[in-house]
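What follows is a set of notes on a single structure, which appears directly below.
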There are 4 protein chains.
Amino acid sequence: MMKTWQPEDFDIRIGQLAKGKKNTITDVPGVRVGHMTLKEGTARTGITAILPHDGNLFQEKVLATSHVINGFGKTIGLVQVNELGQIETPILLTNTLSVGTVADGLVQYMLKQNEDIGRTTGTVNPVVGECNDGYLNDIRGLHIKQEHVWQAIANADTDFAEGAVGAGTGMSNFHLKGGIGSSSRVIQMADQNYTVGVLVLANYGLLPDLQVKGVPVGQRIERLMEAGKNEASGTGTVAEERGSIIIVVATDAPVNERQLQRICKRAVIGITRMGSFIGNGSGDIVIGFSTAFRIPHYAEEPVLPWQYFHENGITTAFRAAAEATEEAVLKALLNGEKTEGRDGHTRSSLRDWLIAYPELLQP
Amino acid sequence: MMKTWQPEDFDIRIGQLAKGKKNTITDVPGVRVGHMTLKEGTARTGITAILPHDGNLFQEKVLATSHVINGFGKTIGLVQVNELGQIETPILLTNTLSVGTVADGLVQYMLKQNEDIGRTTGTVNPVVGECNDGYLNDIRGLHIKQEHVWQAIANADTDFAEGAVGAGTGMSNFHLKGGIGSSSRVIQMADQNYTVGVLVLANYGLLPDLQVKGVPVGQRIERLMEAGKNEASGTGTVAEERGSIIIVVATDAPVNERQLQRICKRAVIGITRMGSFIGNGSGDIVIGFSTAFRIPHYAEEPVLPWQYFHENGITTAFRAAAEATEEAVLKALLNGEKTEGRDGHTRSSLRDWLIAYPELLQP
Amino acid sequence: MMKTWQPEDFDIRIGQLAKGKKNTITDVPGVRVGHMTLKEGTARTGITAILPHDGNLFQEKVLATSHVINGFGKTIGLVQVNELGQIETPILLTNTLSVGTVADGLVQYMLKQNEDIGRTTGTVNPVVGECNDGYLNDIRGLHIKQEHVWQAIANADTDFAEGAVGAGTGMSNFHLKGGIGSSSRVIQMADQNYTVGVLVLANYGLLPDLQVKGVPVGQRIERLMEAGKNEASGTGTVAEERGSIIIVVATDAPVNERQLQRICKRAVIGITRMGSFIGNGSGDIVIGFSTAFRIPHYAEEPVLPWQYFHENGITTAFRAAAEATEEAVLKALLNGEKTEGRDGHTRSSLRDWLIAYPELLQP
Amino acid sequence: MMKTWQPEDFDIRIGQLAKGKKNTITDVPGVRVGHMTLKEGTARTGITAILPHDGNLFQEKVLATSHVINGFGKTIGLVQVNELGQIETPILLTNTLSVGTVADGLVQYMLKQNEDIGRTTGTVNPVVGECNDGYLNDIRGLHIKQEHVWQAIANADTDFAEGAVGAGTGMSNFHLKGGIGSSSRVIQMADQNYTVGVLVLANYGLLPDLQVKGVPVGQRIERLMEAGKNEASGTGTVAEERGSIIIVVATDAPVNERQLQRICKRAVIGITRMGSFIGNGSGDIVIGFSTAFRIPHYAEEPVLPWQYFHENGITTAFRAAAEATEEAVLKALLNGEKTEGRDGHTRSSLRDWLIAYPELLQP
């Protein structure tokens, strides 16, 4: 696998909490991520699967919740996630117009794995998030097929690539190449360490709004673009924010659904610090789960044991979610390779800009 | 088309407000409904399409909202409907496991109709509701295909069948045959008449909970079943509520999204009066729209004229939504033909019971 | 204490679940209720206090939530209750215009009890619900004073009166005398019994909408009133629903906040079955708490042990909340004594009507 | 009146949109602000009143909404504001423990102004926001009295002081002196200019988190404090965020409630950019209103004319709310005079720090 670029490669340090070992969502034990990348012809798209644990998710669900920052988005499954506080499938991310196909593929996958669904027990709630990759991807081509779902899930591992891969293949962020980014933070409660991991599908924002730790990097790049320093501006015509960001927050901390939702709500801090104004057309949605306990589909006992934080200690988890989200967006940008897509549309890479013009990061 | 049975055929009168001419959702001018019914082999399923107006819905959206009574459901599109207050596609209903396929078919339909989607403008938000017809239907067979979407939309008319048709083909309600039901009420504001129309996909409830105007019809039928009066009880084994109800509320009244949502919230009155306890496993979801104005996708003027009710007058609209929902559920039952489905599963018809045992309705 | 009338005194049986011993909210172990009744001059008002347990509520909070059925109401404290999932004061009910005074009195009570508030720890979140008793009560007189709060709390006991007492002194329900009503249901989970108790402050609805188990009692009483059978109709002029209902749901069942809120949402079933259309002007609000565990203000351990229901078993708790709410409203009516208030305004008693005209309850 | 300090006095420029003439919330035509400041003995507290227009607010309501960022707060009135989309009283801000008293005073004010309340029409919904000023103020002393409400309202003017005045008298922000701050932005729609004005009661955050345009000013001040450069650190002992911020957003733009709430949701951008992590103990609440139309209490016509933005144009209003909130918080800090309060507790002024150490703002 290719090197994953880190903020430290550019002397950037986000926040104050310690990172997990890999600095990805898979620092939360049991979590795995898999990509299916479709980059042929005019297709620049794919699927990214996040698996909360290695077992049968339908039989052993994880506690979950979601939070809508701005609802201009087509993510499915959230109604039931919030009613029941559970996720019972892998979480899949893809392009907007393929949500139906991916949901269908995920249902087929779950039916294959669970012969009781639709026969002796109820149905299954697929969770699929999306952003619009239509600037680079021939999105009207509907290139994603049901069987791609199986590939993404089969590829799931604790090591995974960031940037222009999987669902991130065709995504743009601040008019630069965006896509998949991930980061993690470790929090300490009494003698115990817990991890908060974040994975983003980053596809939002206007170039002049991009900030890195308060430094107006986006405006500087825009001036360089206007001066002809790069052939791939792609900004002139897109004055409106039509992007989105899906933020998946995972933790092994013992929280209940209310607390997990409070943690998820802090993801907004990360995206606004990178410069977002949460534009009208941006579907900014957070999906969270905790692996601390598993909820059996068939209960053997009517009452389940549980534990959760006393609320007094939760602020550190808030900070962790904010820092990891900010860094995940930054990593999506740093790992986003320059990409040419449909009709000659091109997005340049923030990494390339920072390597060529280190002064962009000067305060 | 077959006769649609009305409550009055059994001397039942729901509520006090006047009905629209057809006593269906299509009494709201411009609204049409189309079915695609799949009843072959082990398939007992289908699609029902509700079209808010005759024009291009993406180009001329309708004001809309939704309300979740109980979120054990997989309906898609609601996040964006509530954020933007708009619906921009037909509303499709189907079985739970086919939501992805139907969403995909609907996206294809919208792409065909609108060449700008995904190219020069953003994407499209398909709205698809569902219930679980797995008791009668071989739901794991995934019999619904994308092209069925086109058929349902093509069949849309102001006249349409109720009962075991379209998405209602395989649905059960109070362990009797359920499915599609519709009703309407007329409300008067000053010198103006407005219509509130409701269409339900009814698939919820336990037989002993069924009431008709407070009369415990369900318990009486259960006793008849136990006495061997009918071969199709189907109740013994299903102690749990695994059903759902999707309620579509349409009106031509000038309301804003907040007011429309308040109206939609009153649908719960109709379903609880028919006997529902809003069980854990029931996805009870209301989708509402008003045809009073159309919202252009591309704005020619930055500010749109609008009108809406002074809040003081809204209570009659609440009552209309409650009465029409109660009656729509009753019509789903009265028009649900006895149906045999997969593995010999059978649901009997409330109408048959009431004809055979008129005393069931005695107070 | 005067006899509390029960539905069974009129051969009415609500629902199918077993009742608790007292058939009140205090069947939930530890819960107590106290009234302060103000019935002098033109004042027909008061305060009712619900205490979740006998200890210091600020130091040992109870898990709590709330649900707004219709938000035309001034209840305070709900923002923090829902954010933190906790109640840390007695729950007080009073008339609309006295919410500020009662909140102030409650703050003073809490400050007296807890010297750390506002000094070495944060502040306190008073919870006060209200209905509008202005038809009978000289509400503009602002007769409630801060010290009345202490009286209501001091009177708290497991035995308490229902009907026209405490906050219910001046309340009207379906244009009859309303006020305080309470009921409980026992649910069984494995070998364990739990109680769901409900207390209502009932002050909603139009007379012709009143139903008892589907029987149109309200319309029948209206006809008797029109025939001059009673001097206290009070209905002619009040065509609009300006009432409200506060529903307090208590349980000792091990639930989390999400589950408790789902239980609270079923209270609507009880009020709609009694005939409510949830009118525009009605502030219908549910406040719920569980006494299963106590949450310490100062945590000794960062992680608290907890337990809660597997979701599969929750439907019985839904049914319990619905049945107990329906019966609590009925008990508020059956125990509401005929009351004369300001300006000769009078509300008659449903109990008086039923005793004088037993045929009112005939199906 | 004393000079109001502006960011430009320190060469700081927040955002890119044009400001209104006064750079306060009163740039929205008709809006006025009044303070009652209580600074005697151990009292460091007060009331701030925001009046949406000059008329009788109960008779002519304004369209309104609210949004809870973090609900650890005791603000009252929001349930009804969100249900009805209206505000019908001045908006009052004060300290946490005085919310009841101020609500009571506001009810008395409204009763005096409107003889129909509680007699021939319904009741009134007071709106009161709060933060906890207990670090400087003897909050347990309950120094605010009902009559202070009248003073605050009587003082309302288009010119008003910022910083340690009114409800801001005893508030702390990032462990520095906080309080009242205000700012405005002008947005252009077609040929029309509209104003978005913001007023904050700022009382949140930890010193090391304070940023000004990405510059870690708070950490630098903390180092100066540790080096003994100022006698008033006050930070050592308060490791937890116990503050809050109330954000009032006013506009004369034609929006509906859904749109106004979307605008209010962008206030979070302003507070996170100043460094907030939205701590557990912080009640961060946004209240918004539009003066574009007035809603009569008694409707002469059942249907009201209205207008609102096509959604495509709303992003500029989002940006305006974000920029004005960020600047309002900064102005609260720049205008907060060094204040000594109860028990020798002192908060220093950011302005004093910036004047003494201009290098604090160096990137």
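The sequence lines fix the lettering, A, B, ..., with proteins before strands; numbering per chain opens at 1.
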Problem set entry | Proximal component of D/Val124, with respect to chain C [non-hydrogen, under 4.5 Å] | both
Problem set entry | Proximal component of D/Leu97, with respect to chain C [non-hydrogen, under 4.5 Å] | both
For this session: Locate the shortest heavy-atom distance separating C/Gly71 from D/Glu83; write the atom from each residue and the value.
Result: N-OE1, 2.8 Å
For this session: For atom CD of C/Glu115, decide whether the heavy atoms of other residues, nucleotides or ligands shown that lie under 6.0 angstrom number more than 12.
Result: no
Problem set entry | Residue D/Arg119 versus chain C: region with a heavy atom under 4.5 Å | both
Exercise. If you count heavy-atom pairs under 4.5 Å between each of D/Gly118, D/Gly77, D/Gly134 and chain C, which one has the most?
Worked result: D/Gly118
Problem set entry | chain C contact via D/Asp138 - which portion, at a heavy-atom distance below 4.5 Å | both
Exercise. Given a strict heavy-atom distance threshold of 4.5 Å, which part of C/Asp133 is in contact with chain D: side chain, backbone, both, or neither?
Worked result: neither
Exercise. Any idea which heavy atoms bring C/Gln80 and D/Gly73 closest together, and the distance?
Worked result: OE1-N, 3.4 Å
Seminar exercise, completed: If you tally heavy-atom pairs under 4.5 Å between each of D/Val107, D/Thr75, D/Thr123 and chain C, the highest tally belongs to D/Thr123
Problem set entry | Contact origin within D/Ile285 toward chain C - heavy atom pairs under 4.5 Å | side chain
Exercise. In terms of heavy-atom proximity below 4.5 Å to chain D, should C/Asn70 be classed as side chain, backbone, both, or neither?
Worked result: both
Exercise. By a 4.5 Å heavy-atom criterion (distance strictly below it), what part of D/Ile139 contacts chain C: side chain, backbone, both, or neither?
Worked result: both
Exercise. Which one of D/Gly105, D/Gly122, D/Pro126 has the most heavy-atom pairs closer than 4.5 Å to chain C?
Worked result: D/Gly122
Seminar exercise, completed: Heavy-atom nearest pair, C/Gly100 first then D/Ala103, reads CA-CB, 4.1 Å
For this session: Give a yes or no on whether the backbone of D/Leu111 and the side-chain of C/Arg140 come within a donor-acceptor separation of less than 3.5 Å.
Result: yes
Exercise. Quick one: what part of C/Thr96 sits under 4.5 Å from any heavy atom of chain D, side chain, backbone, both or neither?
Worked result: side chain
